[in-house]
Amino acid sequence: MSRAFLFVLDSVGIGGAPDAQAFGDEGADTLGHIAEFCAMGAGDQQGLREGPLHLPNLKALGLGRAMRLAAGATPEALATNERPRAIYGAASETSRGKDTPSGHWEIAGVPVDFEWGYFPTKGDAFPPELVNEIVEQGSISGILGNCHASGTEIIARLGEEHIRTGKPICYTSADSVFQIAAHETHFGLDRLLKLCELVHGLVAPLNIGRVIARPFVGESAATFERTGNRRDYSVPPPEPTLLDRAKEAGRNVIAVGKIGDIFAHQGVTDLRKANGNMALFDRTLEAMDDAEDGDLVFTNFVDFDMLFGHRRDVPGYAAALEAFDRRLPEIEAKLKKGDVVIITADHGCDPTWRGSDHTRERVPILAFGPDVIARSIGVRTTFADIGESIATHLQLSRGRHGRSFL
């Protein structure tokens, strides 16, 4: 029996979603536009990076060809005449959202076929009765924010008032989410987590997908910085996922990063946290060393989305992609006969697009390992094919929604 490694590059979409127009995202292409901007010099930043996007290892696996399948074009920086070293393809999302839980659950074999609840985009985001319950049950004097906002922007704007008044900063986005930012010491991390747990219960009747704790440190707008103690309180998937099937079969499911939170800790046997892509990469390598025959290692690399996509930071996003690419040989060096790695994404977050929210896009599929025969698998009609391929590889029971390409 062999092992499986599933790596989600959070928000690294490749355009071409057939229903992008319905989400206001027709033309969005996270990776394609980053490559285009870098080619024009708009991805240069002194001391960080410069020049065309340089992803030689991902290009060798077939990333450029996957992009052509998804959106009909390959950026010059990712074009090659050499035969790809991986199974390559693209996948369209069938879930009704373009958020993190929808994307990850569908990757794990369970598309979201229901509508999430969302908060209004204009005026107060949260209804007065909900705010009153939070204030009363949470023993706080009030809340700040109560709007759609970028997390870093609203912390810079309201952080000092939060420290002075003790009121938590509450905000949302285009996703089905309620976010609470609070200072780790002035407000208290444990207090923040307890408040988020309370709010998670209060918003459940509204069908809100996640409540996210956003702790930060610093003493002024110039020094505020979010920490790695983020915690997501998610509703559980509506049916057993790939993770549940693996756990039920007696396998270890090692979740690295925010995977445990995304799946409400269902189907996870070993949880490993880290702050930042490179730390997540280190933890992933450790998990690969620990994984035994039949095990699954599932990692989310969050910085692409959280630090660069939402902040519309093209140079930062490009540099993060290049940093990940440079370390890919470390993953390949740890593979044993029979192992398979699948690299994909959960949605887009085009840093050249309007606003600061996720974008509806297709995602890449790159599958490789010592025994994998490189070929095209075309455009898959659902992310669930990824989970079903891993289920086939690990000899697990089949799910209801996808079909294996392995």
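Only heavy atoms go into these numbers, but all of them, side chains included; no hydrogens, no water, no symmetry mates. Just so you know, these numbers come straight off a predicted model, no measurement behind them. Position 1 is the first residue of the sequence; numbering continues from there.
- Sparse packing is recorded around CD of Glu50, with 12 or fewer heavy atoms of other residues, nucleotides or ligands lying under 6.0 Å away.
- For the pair Asp295 (side chain) and Asn252 (backbone), a donor-acceptor distance under 3.5 Å is present.
- Put simply, the side chain of Asp25 gets close to the backbone of Arg360: a donor and an acceptor are under 3.5 Å apart.
- Pairing each heavy atom of Ala391 with each of Ser397, the nearest pair is CB-O, 4.1 Å.
- The residues Asp371 and Lys337 are annotated as salt-bridged, a charged nitrogen and a carboxylate oxygen being separated by less than 4.0 angstrom.
- Of all non-hydrogen atoms in Ala156 and Ala221, the two that sit nearest each other are O-CB, 3.4 Å.
- What you find for Asp357 and Cys349 is that their closest heavy atoms are O-SG, 3.8 Å.
- You'll find the ring centres of Phe178 and Phe126 inside the 6.0 Å limit.
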| message | Could you go through Glu361 and Thr30, starting from their C-alpha distance and side-chain angles, then the distance that decides it, and tell me whether this counts as side chain to side chain donor-acceptor pair (under 3.5 Å)? | response | CA-CA 8 Å; Glu361 301 179 39; Thr30 298; 2.6 Å; yes
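- Legend: ring pair (Phe, Tyr, Trp, His ring centres under 6.0 Å) pairs involving residues 62-95, not counting sequence neighbours: none detected.
- Remark: Glu184 does not engage Arg226 in a salt bridge, criterion side-chain N to carboxylate O under 4.0 Å.
- A 4.5 Å side-chain heavy-atom check between Leu335 and Phe368 finds at least one atom pair inside the cut-off.
- Nearest heavy atom pair, residue Leu242 against residue Gly387, reads CD1-O, 3.7 Å.
- Note: His162 and Phe216 meet the aromatic proximity criterion, with ring centroids under 6.0 Å apart.
- In Glu76, the CD atom is not crowded: 12 or fewer heavy atoms of neighbouring residues, nucleotides or ligands sit closer than 6.0 Å.
- His148 and Tyr171 have their aromatic ring centers separated by at least 6.0 angstrom.
- The two atoms that bring Leu394 and Ser2 nearest to each other are CD2-O, 3.2 Å, heavy atoms only.
- Note on ring orientation: taking the six-membered ring where Trp is involved, the planes of Phe324 and Phe304 are perpendicular (angle over 60°, cut-offs 30° and 60°).
- Note that CZ of Phe119 and CG of Asn146 are 9.5 Å apart. Values are rounded to the nearest 0.5 Å.
- The pair Arg283-Asp290 fails the salt-bridge criterion, with no side-chain N (NZ, NE, NH1 or NH2) lying under 4.0 Å from an Asp/Glu carboxylate O.
- Although no hydrogens or angles enter the test, the distance criterion places a donor-acceptor pair under 3.5 Å between the side chain of Thr344 and the main chain of Pro364.
- Using modelled atom types, one finds no donor on one side chain facing an acceptor on the other under 3.5 Å when comparing Thr381 with Ser92.
- At least one donor-acceptor pair under 3.5 Å links the side chain of Asn300 to the backbone N or O of Val302.
- In this structure a side-chain-to-backbone donor-acceptor pair under 3.5 Å is present from His183 to Gly218.
- Using cut-offs of 30° and 60° for the angle between ring planes, the Tyr233 and His200 rings count as tilted.
- Under the 6.0 Å distance and 45° angle rule, Arg191 counts as a cation-pi partner of Phe187.
- A distance of 6.0 Å or more separates the ring centres of Trp116 and Tyr118.
- A side-chain donor-acceptor contact under 3.5 Å links Asp350 to the backbone of Asp29.
- Salt bridge absent: Lys194 and Glu197 never bring a charged side-chain N and a carboxylate O closer than 4.0 Å.
- Ion pair Arg3/Asp339 flagged as a salt bridge, since at least one NZ, NE, NH1 or NH2 atom sits closer than 4.0 Å to an Asp/Glu carboxylate oxygen.
- Residues passing the ring-ring contact (aromatic ring centres under 6.0 Å, His included) test with His265, sequence neighbours excluded: none.
- Contact of the Pro351 side chain with the Phe308 side chain is not registered, since no non-hydrogen atoms from C-beta on lie closer than 4.5 Å.
- In this structure a side-chain-to-backbone donor-acceptor pair under 3.5 Å is present from His104 to Thr100.
- The shortest side-chain heavy-atom distance between Cys147 and Ile154 falls under the 4.5 Å cut-off.
- No donor-acceptor pair closer than 3.5 Å links the side chain of Arg311 to the backbone N or O of Ser150.
- In this structure the side chain of Asp270 never reaches within 4.5 angstrom of the side chain of Val253, judged on heavy atoms.
- By the salt bridge (Lys or Arg N to Asp or Glu O under 4.0 Å) test, Lys59 is found to be paired with no residue, residues two or more places apart in sequence or in another chain being considered.
- Between Val8 and Thr299 there is no side-chain heavy-atom pair separated by less than 4.5 Å.
- A distance-only check finds no donor-acceptor pair linking the side chain of Glu26 to the backbone of Gln21 [under 3.5 Å].
- Among residues at least two apart or in separate chains, there is no ring pair (Phe, Tyr, Trp, His ring centres under 6.0 Å) pair with a member in residues 45-69.
- Note on Asp282 versus Arg327: salt bridge recorded, some NZ/NE/NH1/NH2 to OD/OE distance being below 4.0 Å.
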| request: Would you check, one step at a time, whether the test salt bridge (charged side-chain N to carboxylate O under 4.0 Å, His left out) holds for Glu330 with Lys334? | output: CA-CA 7 Å; Glu330 297 176 57; Lys334 289 188 178 292; over 6 Å; no
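- Shown here are the ring-ring contact (aromatic ring centres under 6.0 Å, His included) partners of His310, two or more places apart in sequence or in another chain: His358.
- Within the 3.5 Å criterion, the main-chain N or O of Leu406 finds a donor-acceptor partner in the side chain of Ser404.
- Minimum heavy-atom separation, Gly117 to Ser176: O-OG, 2.6 Å.
- No side-chain donor-acceptor contact under 3.5 Å links His347 and Glu106.
- Contact annotation: the side chain of Leu31 approaches that of Leu53 to within less than 4.5 Å [non-hydrogen atoms, C-beta and beyond].
- Rounding to the nearest 0.5 Å gives a distance of 12.5 Å between CG of Leu195 and CG of Asp190.
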| Could you go step by step and tell me if Leu280 and Val256 meet the side chain to side chain contact (heavy atoms under 4.5 Å, CB included) rule? | CA-CA 7 Å; Leu280 288 164; Val256 183; 4.1 Å; yes
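- A salt bridge is absent between Glu93 and Lys98; no separation between the charged side-chain nitrogens and carboxylate oxygens falls under 4.0 Å.
- If you take CZ on Arg251 and OG1 on Thr269, they are separated by 11.5 Å, rounding to the nearest 0.5 Å.
- The salt bridge (Lys or Arg N to Asp or Glu O under 4.0 Å) analysis of residues 378-389, with sequence neighbours excluded, yields the pairs Arg245-Glu388, Arg380-Asp385.
- Atom CD of Glu225 is surrounded by 12 or fewer heavy atoms from other residues, nucleotides or ligands within 6.0 Å.
- Summarising the local packing, CD of Glu248 is surrounded by 12 or fewer heavy atoms from other residues, nucleotides or ligands at distances under 6.0 Å.
- The existence of a salt bridge linking Asp232 and Arg230 is confirmed by a sub-4.0 Å separation between a basic side-chain nitrogen and an acidic carboxylate oxygen.
- In this structure, the side chains of Asp10 and Lys258 come closer than 4.5 Å at one or more pairs of heavy atoms.
- Relative ring orientation between Trp105 and Phe114 is described as tilted, the plane-to-plane angle lying within the 30° to 60° band.
- Residues Asn57 and Leu61 are not in side-chain contact: their nearest non-hydrogen atoms beyond the backbone lie 4.5 Å or more apart.
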